[in-house]
Amino acid sequence: MTDWVPSARQREREAYRRRQTRRSVGVAGASTLVVAGVAVAVLVGSPGWPRVRGTFFSWAAARDAFPAVLAGFWLNVRIFAVAAVLVLAVGLAVAVLRTLRGPVFFPVRLLAAAYTDLFRGLPLILVILLLGFGVPALRLGGVPDGAVVWGTAALVLTYGAYVAEVIRAGIESVHPSQVAAARSLGLSHGRSLRFVVLPQALRRVVPPLLNDAASLQKDSGLISVLGVIDAVRAAQIETSYSFNYTPYLVAAALFLLLTIPMVRVTDWISMRALRRQSAGAR
Amino acid sequence: MTPVLEVEGVRKAFGSEVVLRSVDLTVPAHHVTVLIGASGSGKSTLLRCVNLLETVEDGVIRLDGEDVTDPRADPDAVRRRIGIVFQAFNLFPHLSVLDNVTLAPRRVHGVARREAEDRARELLDRFGLAERAGDYPDRLSGGQQQRAAIVRALATRPRLLLLDEITSALDPELVGEVLALVRELKAEGMTMVIATHEMGFARQVADEVCFLDGGTVVERGSPEQVLSAPVEPRTRQFLRRIVDAGRL
Ligand SMILES: Nc1ncnc2c1ncn2[C@@H]1O[C@H](COP(=O)(O)OP(=O)(O)O)[C@@H](O)[C@H]1O
Ligand SMILES: [Mg+2]
């Protein structure tokens with residue numbers, strides 16, 4: 001292998017591929033510029049543009065609103081972080097409970113099924129309102145009455161139901177022969193699930209889970225209906241002072257700044273895992 | 001001495017289809033029993049019953065004299081003493097070959113990682129897979145995958161090894177390497193029940209050949225007797241079909 005020198009034909013092929021790559025990059029760059037140029041031209045050329053620019057793209061308004069919106073956004077980030085962990089735990093637990101067989105577990109399966117049906121069927125905003133205003137009104141001793149806590153709980157309950165279904169679909173997509181192989185090695189139901197089924201199932205459902213994560217991040221803004229000052233609510237307050245809508249764009253930019261890298265990074269991670277595992281081209 | 005495996009009057013049906021009507025089988029220690037029979041005659045079902053992947057509807061299965069069909073028997077404990085290799089390998093695609101082999105020793109038998117890996121490497125080395133220990137199953141040839149599956153089944157030092165048509169999914173030129181491995185296990189005294197369509201191989205390794213048809217063992221005996229001088233018309237018919245298919 002060491003004394004191999006590429007033949008003239010191979011060198012020619014590689015040179016051709018390099019030229020092709022340079023050409024594709026050039027074409028992609030040019031077409032992106034053209035599309036972006038047209039979009040900007042249409043926007044700026046539209047009759048309403050001067051007014052829109054003033055009310056949505058005011059640099060001064062953005063600068064003034066930024067600290068308040070950022071402080072609100074920090075709350076969104078914290079809610080998202082806590083909720084994401086809890087959602088995954090709830091989703092995983094419910095999905096696993098639904099795989100249990102045998103009459104002993106019938107009530108558990110029934111409860112798990114009822115939970116997913118209920119919370120997938122209810123609009124999130126209703127759950128937030130019911131929990132956020134309802135539970136504190138009960139004045140139960142020892143139960144926290146913060147709007148943030150109950151808003152987060154509503155997010156966890158609703159998204160937990162979605163995630164449970166996604167994970168369950170992943171579990172069911174693992175071929176029964178994998179379970180047979182695990183069980184025949186003496187692994188119990190639980191260990192088969194943990195070491196054989198779940199690792200394969202979770203890898204398969206990373207893309208839909210990411211969807212749910214991005215969506216959860218956005219929906220954390222809905223708890224502003226409880227009066228909690230998150231990015232959305234902070235922007236709204238700023239807007240009502242200045243009669244300028246730029247703070248909403250500031251909030252939008254902050255949300256994008258978080259979700260886009262999150263989705264890209266996890267895409268990359270799951271691609272890498274896939275490539276390591278499978279031999280051929282994909 | 002108690003036989004490693006005793007099967008008595010085992011019955012298994014799927015819905016209205018009775019696959020095993022009444023099967024008897026005795027496998028003493030260090031013996032190899034080969035199951036032959038047409039596709040759909042219930043060879044896989046029988047092996048799956050022994051491994052408790054299926055529940056029998058009647059009859060008894062004893063492993064080292066212990067009734068494993070007793071509903072009070074712990075299936076996981078029974079399976080720990082039996083190794084099974086499937087036609088389709090069923091390696092775990094998300095684990096490297098080494099992790100496939102060490103999973104059961106570590107997670108079921110509580111062997112420490114170092115110790116489990118040392119033993120796994122020793123086995124992989126012996127069966128010509130030392131270089132592939134770190135690879136994922138997808139990167140292996142069919143023959144290598146099946147050998148890895150056999151090593152995985154051996155890693156827990158089973159009392160009994162069940163092989164279910166382990167060469168049927170392989171290209172012809174890869175069959176040899178897998179069968180050579182089984183012959184080596186036989187030489188070491190491993191007790192095995194093997195379902196196969198490779199009659200030449202059956203002749204080499206079998207202490208007893210059992211022909212399964214209509215849900216029972218129709219004919220049994222030494223390989224010479226069953227394969228060369230079968231008494232039962234149904235056995236003859238089956239063997240003639242196999243010869244016509246060019247597999248003898
Ligand atoms: N899980 C199952 N459900 C229904 N029928 C089955 C199942 N497993 C096997 N069978 C049926 O049992 C019969 C015997 O199958 P099998 O044991 O795989 O035969 P062999 O291994 O000898 O080819 C076949 O007719 C097959 O369709
Ligand atoms: Mg079969």
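Here is the naming used below: chain letters follow the sequence lines, and residue numbers restart at 1 for every chain.
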Legend entry - Heavy-atom contacts under 4.5 Å, residues 164-178 of chain A to chain B: A/Ser177, A/Gln178

Inset, instruction - Tabulate, in ascending numerical order, the residues of residues 89-111 of chain A having at least one heavy atom closer than 4.5 Å to a heavy atom of chain B, or enter 'none'. - result: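 Expected list: none.
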
Inset, instruction - Would you sort out whether A/Phe255 and A/Phe73 count as a ring-ring contact (aromatic ring centres under 6.0 Å, His included), showing the intermediate values? - result: CA-CA 8 Å; A/Phe255 275 104; A/Phe73 186 67; 5.2 Å; yes

Inset, instruction - Start with the C-alpha distance between A/Asp117 and A/Arg120, add both sets of side-chain angles, then the distance that settles salt bridge (charged side-chain N to carboxylate O under 4.0 Å, His left out), and finish with yes or no. - result: CA-CA 5 Å; A/Asp117 285 355; A/Arg120 280 191 309 158; 3.7 Å; yes

Inset, instruction - Please report the C-alpha distance between B/Val56 and B/Arg11 in whole Å, then the side-chain angles of each, then the deciding distance to 0.1 Å, and finally whether the side chain to side chain contact (heavy atoms under 4.5 Å, CB included) criterion is met. - result: CA-CA 6 Å; B/Val56 302; B/Arg11 177 189 171 89; over 6 Å; no

Counting only non-hydrogen atoms closer than 4.5 Å, does [X] touch chain A with its backbone (N, CA, C, O), its side chain (CB onward), both, or neither?
| X | value |
| --- | --- |
| B/Phe86 | side chain |
| B/Leu162 | neither |
| B/Asn90 | both |

Legend entry - Working for salt bridge (charged side-chain N to carboxylate O under 4.0 Å, His left out), residues B/Arg106 and B/Glu115: CA-CA 9 Å; B/Arg106 289 181 56 203; B/Glu115 201 185 325; over 6 Å; no

Inset, instruction - For side chain to side chain contact (heavy atoms under 4.5 Å, CB included), just list the numbers for B/Glu54 and B/Phe14, CA-CA rounded to whole Å, side-chain angles, deciding distance to a tenth of an Å, and then say yes or no. - result: CA-CA 10 Å; B/Glu54 306 284 356; B/Phe14 295 105; 3.8 Å; yes

Inset, instruction - Return the option, out of B/Leu53, B/Ile84, B/Val85, with the maximum number of heavy-atom pairs under 4.5 Å with chain A. - result: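 Of the options given, most contacts go to B/Leu53.
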
Inset, instruction - Against chain A, work out which of B/Arg152, B/Arg107, B/Arg80 has the most heavy-atom pairs shorter than 4.5 Å and name it. - result: B/Arg107

Inset, instruction - Determine, stepwise, if the pair B/Asp164 / B/Arg48 fulfils salt bridge (charged side-chain N to carboxylate O under 4.0 Å, His left out). - result: CA-CA 9 Å; B/Asp164 190 2; B/Arg48 291 170 63 87; over 6 Å; no

Legend entry - B/Asp64 backbone acceptor or donor facing B/Arg159 side chain under 3.5 Å: no

Legend entry - Test side chain to side chain contact (heavy atoms under 4.5 Å, CB included) applied to B/Leu154 and B/Leu185, step by step: CA-CA 10 Å; B/Leu154 290 174; B/Leu185 293 178; 3.6 Å; yes

Legend entry - B/Glu6 vs B/Leu25, side chain to side chain contact (heavy atoms under 4.5 Å, CB included): CA-CA, chis, key distance, verdict: CA-CA 6 Å; B/Glu6 290 166 281; B/Leu25 211 62; over 6 Å; no

Inset, instruction - Counting only heavy atoms closer than 4.5 Å, note whether A/Arg191 contacts chain B via side chain, backbone, both or neither. - result: side chain

Inset, instruction - Test salt bridge (charged side-chain N to carboxylate O under 4.0 Å, His left out) on B/Glu188 and B/Arg126 and set out the steps. - result: CA-CA 13 Å; B/Glu188 285 170 18; B/Arg126 249 187 51 209; 2.6 Å; yes

Legend entry - Side-chain donor-acceptor contact under 3.5 Å, B/Gln144 with B/Arg147: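 B/Gln144 vs B/Arg147: no donor-acceptor pair found between side chains.
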
